Structure formats: C-alpha cells, structure tokens
Amino acid sequence: MFKNQKTLAVARNLIGKILVRRVGKRLIREIITETEAYVGPHDLACHSSRGRTKRNEPMYDEAGTIYVYFTYGMHWMLNIVTEETGFGAAVLIRATENFKGPGRLTKALKIDGSLNAKKLGKKSGLWIESEDNKANQAKKLIRTPRIGISYSGPIWSKKLYRFVLRD
DNA sequence: ACCGTGATTGAG
DNA sequence: TCAATCACGGTT
C-alpha cells in the first residue's frame with residue numbers, strides 16, 4: 001500500500017487502519033486516527049526539501065521504511081516512507097485512538113531511534129494490519145493544515161495535508 | 001503564552 | 001566551533 005499510491009493517498013488511507021507494535025511478547029493494536037503527508041522535496045515543510053542529510057537519509061529508502069527522528073529534546077516522531085526509492089516523501093503518524101499526539105504515541109508504543117531506517121513488518125515489530133476494519137470502512141475524514149510547520153511559508157503551511165478521523 | 005530539552009542544521 | 005531551530009507537550 002505504500003509503494004503504489006501517492007503520499008496523500010497513503011496518508012488518507014492509513015486513517016482507520018490498525019497500527020501494530022510488538023513490545024516483548026505483547027501486541028499493541030491501535031486504530032490510526034491522525035496522519036500528515038510530507039509529499040516530497042518540493043514541499044517546504046518536508047525534511048527532504050533541504051536535501052539529503054544524515055537525519056533524513058531513511059526518507060530516500062524504499063516505501064515502507066520507518067523514519068523516526070528526535071525533536072524538541074524529548075520526542076520521537078514516527079513516519080512511514082512513501083513513493084519511489086530516492087524521492088524523499090513520508091507520512092507522519094500523529095495519533096491513534098488512545099494516544100493523541102505524535103510524541104505521546106511513540107512513547108506509548110515504545111518507538112524510538114532504534115526503529116529508524118528499519119522496514120515495517122514482523123521483524124521490526126511494527127506494522128500495519130492489512131485488513132480493513134469497521135472504522136476504516138465508515139471513516140469520516142476531516143482535512144486541515146499540518147501542525148507546527150509555519151516555518152514552511154504561506155503556501156505549504158496552508159495545504160490541507162493533515163487527515164483526522166472524526167470522533 | 002511560555003518554556004524544557006538536546007539533536008540537527010547551516011552559517012562562519 | 002556555535003547559535004538558532006524544531007512535524008511537541010505540559011504548565012501558566
């Protein structure tokens with residue numbers, strides 16, 4: 001699903017799907033309720049817009065790669081890489097049903113830099129359940145501008161690239 | 001509205 | 001080197 005769709009479509013379609021995290025023997029299953037699309041190097045809010053750096057290197061790997069980075073001295077952000085290898089686009093998972101906010105989500109699911117650049121799947125212990133669920137079939141989406149990216153200027157900061165599942 | 005917190009970045 | 005910034009969250 002990450003390879004064959006545009007980043008915006010991936011962001012939209014991830015809403016309502018189930019994010020699964022293995023921590024020890026336990027599986028945490030969470031319905032994704034909020035995502036944001038970072039659509040490529042032309043998108044001034046996207047990390048790839050300023051070229052390849054050590055931090056954003058995983059964004060240039062194949063679709064389905066996990067891109068986790070640390071910000072504000074405290075928080076890990078979880079992204080899934082999209083589009084063609086070498087392009088530099090991703091979807092930020094901002095929240096699930098029980099964990100609102102990207103920093104709280106990663107904390108709850110024990111997601112940190114050790115997952116960076118790994119692939120979604122059983123091996124890494126983080127994946128998306130392929131089956132749709134009821135919430136996905138009946139999903140009612142709201143689109144808004146992305147959060148916390150005012151630095152990207154008047155055009156990109158206004159794009160409706162954030163998707164939220166209506167409560 | 002303000003600030004903690006520390007890695008990352010780009011400028012010098 | 002170094003200062004500014006930051007895809008946040010908790011508190012005032």
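Values below: all heavy atoms of this structure, side chains included; hydrogens, waters and symmetry mates excluded. In what follows, every chain begins at residue 1, and chains take the letters A, B, ... in the order their sequences are listed. Note that the coordinates shown come from a computational prediction; the quantities given were computed from them, not determined experimentally.
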Peer 1: Do you see a donor-acceptor pair shorter than 3.5 Å between the side chains of A/E83 and A/T7?
Peer 2: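 Present: a donor and an acceptor within the cut-off.
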
Peer 1: What I'd like to find out is whether the side chain of A/E36 reaches to under 4.5 Å of the side chain of A/P102, using heavy atoms alone.
Peer 2: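 The answer is no; the side chains never approach within 4.5 Å.
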
Peer 1: Residues of residues 145-164 of chain A with any non-hydrogen atom less than 4.0 angstrom from an atom of DNA chain C: list those, numerically ordered, please.
Peer 2: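 Listed by number, they are A/I147, A/G148, A/I149, A/Y151.
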
Peer 1: Kindly state which residues belonging to residues 72-108 of chain A come within less than 4.0 angstrom of DNA chain B, counting heavy atoms of the residue only, listed by number.
Peer 2: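 A/Y72, A/G73, A/M74 - these, ordered by number, are the residues of the stretch whose heavy atoms sit under 4.0 Å from the strand.
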
Peer 1: Do A/E62 and A/K119 have side chains that approach each other closer than 4.5 Å (heavy atoms only, starting at C-beta)?
Peer 2: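 SC-SC contact between A/E62 and A/K119 confirmed.
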
Peer 1: Do A/V91 and A/Y38 have side chains that get closer than 4.5 Å, going by heavy atoms?
Peer 2: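 A side-chain contact is absent here, since even the closest heavy-atom pair is not under 4.5 Å.
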
Peer 1: Check DNA chain B against residues 51-65 of chain A and give the residues with a non-hydrogen atom under 4.0 Å, in numerical order.
Peer 2: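 Contacting residues: A/T53, A/R55.
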
Peer 1: Would you check if A/L120 and A/L126 make a side-chain contact, meaning some heavy-atom pair closer than 4.5 Å?
Peer 2: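 Touching, per the 4.5 Å side-chain cut-off.
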
Peer 1: Do the side chain of A/E30 and the main chain of A/N98 share a donor and acceptor less than 3.5 angstrom apart?
Peer 2: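 Such a contact is found between A/E30 side chain and A/N98 backbone.
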
Peer 1: List the atom of A/L8, the atom of A/R143, and the distance in Å for their closest heavy-atom pair.
Peer 2: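 Closest pair (atom of A/L8, atom of A/R143, distance): CD2-NH2, 4.3 Å.
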
Peer 1: For DNA chain C, what residues of residues 39-48 of chain A have any heavy atom nearer than 4.0 Å?
Peer 2: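 Heavy-atom contacts with DNA chain C come from A/A45, A/H47.
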
Peer 1: Measuring only the C1' atom in each nucleotide, how far is C/dA4 from B/dC3? A whole number of Å is fine.
Peer 2: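 Straight-line distance between the two C1' atoms is 16 Å.
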
Peer 1: For DNA chain C, what is the dot-bracket line, given that a base pair needs Watson-Crick (N1 to N3, plus N6-O4 or O6-N4) or G-U wobble (N1-O2 and O6-N3) geometry with both distances under 3.5 Å, and | means paired with another strand?
Peer 2: ||||||.||||.

Peer 1: Working to the nearest 0.5 Å, report the span between CD1 of A/I28 and CG of A/L109.
Peer 2: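 With rounding to 0.5 Å, CD1 (A/I28) is 4.5 Å from CG (A/L109).
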
Peer 1: Please assess A/F2 against A/V81 for the test side chain to side chain contact (heavy atoms under 4.5 Å, CB included), listing each intermediate value before the final yes or no.
Peer 2: CA-CA 8 Å; A/F2 299 98; A/V81 175; over 6 Å; no

Peer 1: Salt bridge or not for A/E129 and A/K17, using N-O below 4.0 Å?
Peer 2: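 So A/E129 does not pair with A/K17 through a salt bridge.
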
Peer 1: Identify the heavy atoms of A/Y151 and A/L44 that sit nearest to each other, and give their distance.
Peer 2: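 Taking A/Y151 first and A/L44 second, the nearest heavy atoms are CE1-O, 3.9 Å.
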
Peer 1: Within the supplied structure, the quantity of interest is the number of heavy atoms (other residues, nucleotides, ligands) at a distance under 6.0 Å from A/K158 NZ; does it exceed 12?
Peer 2: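 Incorrect, the count does not exceed 12.
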
Peer 1: Identify the heavy atoms of A/P145 and A/S157 that sit nearest to each other, and give their distance.
Peer 2: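 Looking at all heavy atoms of both residues, the shortest contact is CB-O, 3.5 Å.
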
Peer 1: Does anyone know the first and last nucleotide of DNA chain B in reach of chain A, 5' to 3', at under 4.0 angstrom to a heavy atom?
Peer 2: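 So the outermost contacting nucleotides come out as B/dG4 to B/dG10.
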
Peer 1: Answer yes or no: does atom CD of A/E84 have more than 12 heavy-atom neighbours from other residues, nucleotides or ligands under 6.0 Å?
Peer 2: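 Not more than 12 within 6.0 Å, no.
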
Peer 1: Side chains of A/L19 and A/I128, heavy atoms from C-beta outward: is any pair under 4.5 Å?
Peer 2: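 Side-chain contact under 4.5 Å: yes.
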
Peer 1: Could you check whether the rings of A/W76 and A/F70 sit parallel, tilted or perpendicular, using 30° and 60° as the cut-offs?
Peer 2: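 Correct class here is tilted.
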
Peer 1: Side-chain contact test, heavy atoms from C-beta onward, threshold under 4.5 Å: evaluate it for A/I66 versus A/I111 and give yes or no.
Peer 2: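 The answer is no, as the side chains (C-beta and beyond) never meet within the 4.5 Å cut-off.
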
